[in-house]
Amino acid sequence: MNRLQSAWAGLSLARFTPDAQLLLMASGIFSVSFMGVQMLLKILYLIRLDYSLTYIGIFSATSSLAYSLMSLPSGALGSRFGNRTVMLIGGVITILGMALLPWVEFVPAHLHTLLPLVSQVLVSGGWALFNVSLVPALMTVTTRQNRNRAFALNSTLRGLGAFVGTMVGGLLPSFFALLLSQTLAEAAPYRYALWVGALLGLLGLAPILRMRRVTYTVQQDDSDESAAPFPIWPMALLILHVYFGNSSVALCQTFCSAYMDTDLHLSTAFIGFLTGIGQFVAIFAPLLAPRIAARFGNGRILMVATLGAALSMLPLTFGHDWASAGMGRLGLLVLSAIWQPALQVFQMELVASRWRSLAYGIMSMGMSLTFTSVSFGGGYVATQWGYQTLFLLGVGLSTAGALLMWAMLRGLRRQGRVI
């Protein structure tokens, strides 16, 4: 009973300021729409319209590139115009992009190639505006005592929103197929389901609109840092940690399913089952982070979680069976879910409040580039030398990321800072 009460307390919003509660609700609702319904259905919709796999690859890469290119401007705009304003603009652009894709059936043929790519640019660019501004905004409306809980809860609500959105998105085409007397091989059920996803995104704007129009500032310990310079070298080391440390997660997200399909010859249903277990456990894993951070600090969480990611690659590298693959993927998903909120708080506390939006924009760009470079380079490595070499490369990269964080923490301790 005590464990159930503790878990429920971890999901409670009551301990936070009204603006923090609204930010968390907006994040969770947008995750249902953007990370759930849209992520599941847009590729299936294009397949129903007979787009080639080559085009779908370009379509997916456009999303990552657009997010990466917009991350830094998003941080600068948040610093200049305020995070709430930029989040609203980003949310609107994201919703417009989501609603635009299903119109591809009704435009002239010469626009059939261009319109989905424009949709991806709007969706991912808008999401960069929203997401990059949300982190410093949440930092502003929380205190040192509850910010770890707030960021952990944000990660949990996002995972839960994506899970719910995926479940809802999986049911919507069947509902519209029944309503329209069509089959799931036709595009119309997916078209209407995508529009429902966009409408759900509108609900995510309501909490942002209810936030105060002026900057809401909780009394914090950095009020005298307004003149502090941008910490170039600490941020450079942190970006390197993110790039190397997150490589294992990026490698598995991109290639684990292909490995289980082509090398282990597992069925699609069983691959989905193994992945689903990891995703479900990872929803609640961030709730462990606040207690660990209170005892050891966010920096140590980053170091240990990154080293754990390297170790999680070992079963994938040497196991060659479904149990080893499932164990490795589970470890990566859970550790990544704990690593993410710790990274956000660590990076926010590393810089003065005036630099937070810009710094997180740089960080987001670096994380996005990790996935982009891993996708391109990893495919070449796997083709030339096989999955074992690819996964072993992930072990080395994540180990390097852990060592970088160890060195960074030593440097901060010499300066009398403990984060």
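A donor-acceptor contact shorter than 3.5 Å is absent between the side chain of Ser124 and the backbone of Tyr67. Here the side chain of Arg356 pairs a donor or acceptor atom with the backbone of Met348 at under 3.5 angstrom. In terms of modelled atom types and a separation under 3.5 Å, the side chain of Thr306 and the main chain of Leu302 share a donor-acceptor contact. In this structure a side-chain-to-backbone donor-acceptor pair under 3.5 Å is missing from Arg295 to Arg291. Tyr45 places a side-chain N or O within donor-acceptor distance of the main-chain N or O of Pro102, the cut-off being under 3.5 Å. Under a 3.5 Å cut-off, the side chain of Gln120 and the backbone N or O of Thr62 do not form any donor-acceptor pair. Using a distance-only test at 3.5 Å, with no hydrogens or angles considered, a donor-acceptor pair links the side chain of Ser31 to the main chain of Ser27.
Here the shortest heavy-atom pairing between Val37 and Gly197 reads CG1-CA, 3.8 Å. Between Ser74 and Val132 the shortest heavy-atom distance is CB-CB, 3.9 Å. The minimum heavy-atom distance between Ala293 and Ile301, with the atom names listed, is N-CD1, 3.6 Å. Contact between Leu129 and Gly90 at its shortest, heavy atoms only, is CB-CA, 3.6 Å. Closest of all the heavy-atom pairs between Ile93 and Gly126 is CG2-CA, 3.9 Å. When every heavy atom of Thr399 is checked against every heavy atom of Ala310, the shortest pair comes out as OG1-CB, 3.5 Å.
A heavy-atom distance below 4.5 Å is found between the side chains of Leu153 and Phe16. Between Arg329 and Met260 the shortest side-chain heavy-atom distance falls below 4.5 Å. Under the 4.5 Å side-chain criterion, counting only non-hydrogen atoms from C-beta, Phe296 is not in contact with Val304. Here the side chains of Thr113 and Tyr51 are not in contact, with every heavy-atom distance at 4.5 Å or above. Contact check for Val168 versus Leu171: no side-chain heavy atoms found under the 4.5 Å cut-off. Contact annotation: the side chain of Leu157 never approaches that of Asn154 to less than 4.5 Å [non-hydrogen atoms, C-beta and beyond]. The closest side-chain heavy-atom distance from Leu316 to Cys252 is below 4.5 Å. For the pair Met408 and Leu350, the minimum side-chain heavy-atom distance is below 4.5 Å.
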side-chain contact (heavy atoms from CB on, under 4.5 Å) evaluation trace for Val164 with Met167: CA-CA 5 Å; Val164 170; Met167 296 298 103; 5.7 Å; no
- request: List the steps and the verdict of side-chain contact (heavy atoms from CB on, under 4.5 Å) for Glu349 and Val345.
  value: CA-CA 6 Å; Glu349 292 182 340; Val345 177; 3.8 Å; yes
message: Test ring-ring contact (aromatic ring centres under 6.0 Å, His included) on Phe391 and Tyr259; report intermediate values, then the result.
response: CA-CA 10 Å; Phe391 294 148; Tyr259 163 69; 5.2 Å; yes
query: Yes or no on side-chain contact (heavy atoms from CB on, under 4.5 Å) for Asn146 and Thr17, after CA distance, side-chain angles and deciding distance?
result: CA-CA 10 Å; Asn146 67 16; Thr17 63; 5.8 Å; no
task: Please report the C-alpha distance between Asn131 and Arg158 in whole Å, then the side-chain angles of each, then the deciding distance to 0.1 Å, and finally whether the side-chain hydrogen bond (donor to acceptor under 3.5 Å, both in side chains) criterion is met.
output: CA-CA 11 Å; Asn131 193 45; Arg158 284 198 165 186; 2.6 Å; yes
query: Is there a side-chain contact (heavy atoms from CB on, under 4.5 Å) between Leu238 and Phe346 once you walk through the steps?
result: CA-CA 10 Å; Leu238 186 57; Phe346 183 89; 3.9 Å; yes
field: Candidate pair Ser71 and Ser364, rule side-chain hydrogen bond (donor to acceptor under 3.5 Å, both in side chains), full reasoning
entry: CA-CA 6 Å; Ser71 293; Ser364 296; 4.8 Å; no
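Taking CG of Asn148 as the start and CG of Asn298 as the end, the distance is 4.5 Å to the nearest 0.5 Å. Going from atom CD1 of Ile47 over to atom NZ of Lys42 covers 13.0 Å, rounded to the nearest 0.5 Å. Here CG of Leu101 is found 10.0 Å from CG of Leu117. Values are rounded to the nearest 0.5 Å. One finds the CE atom of Met405 at 10.5 Å from the CG atom of Leu240 (value rounded to the nearest 0.5 Å). Note that OG of Ser33 is 3.0 Å distant from CE of Met98, once rounded to the nearest 0.5 Å. Taken from OG in Ser68 to CE in Met365, the straight-line distance is 6.0 Å, to the nearest 0.5 Å.
For Thr85, the side-chain contact (heavy atoms from CB on, under 4.5 Å) criterion is met by Ile89, not counting sequence neighbours. Shown here are the side-chain hydrogen bond (donor to acceptor under 3.5 Å, both in side chains) partners of Ser398, two or more places apart in sequence or in another chain: Ser248.
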Using distance only, find each side-chain donor-acceptor pair of residues 332-344 under 3.5 Å and give its atom names and separation, not counting sequence neighbours.
residue	atom	partner	partner atom	Å
Trp339	NE1	His241	NE2	3.3
Gln344	NE2	Tyr360	OH	3.3

Which pairs would a plain distance check flag for residues 198-211, meaning a side-chain donor or acceptor within less than 3.5 Å of a matching protein atom at least two apart in sequence or in another chain?
none

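Sequence neighbours left out, the pairs with a member in residues 141-164 that pass ring-ring contact (aromatic ring centres under 6.0 Å, His included) are Phe163-Phe280. Counting only residues at least two apart or on different chains, the salt bridge (charged side-chain N to carboxylate O under 4.0 Å, His left out) pairs with a member in residues 96-107 are Glu105-Arg191.
Ring pair Phe34/Phe30: centre-to-centre distance not below 6.0 Å.
If you run side chain to side chain contact (heavy atoms under 4.5 Å, CB included) between Met367 and each of Val242, Ile362, Val249, only Val242 comes through.
Using cut-offs of 30° and 60° on the angle between ring planes, the pair Tyr192 and Trp195 is perpendicular.
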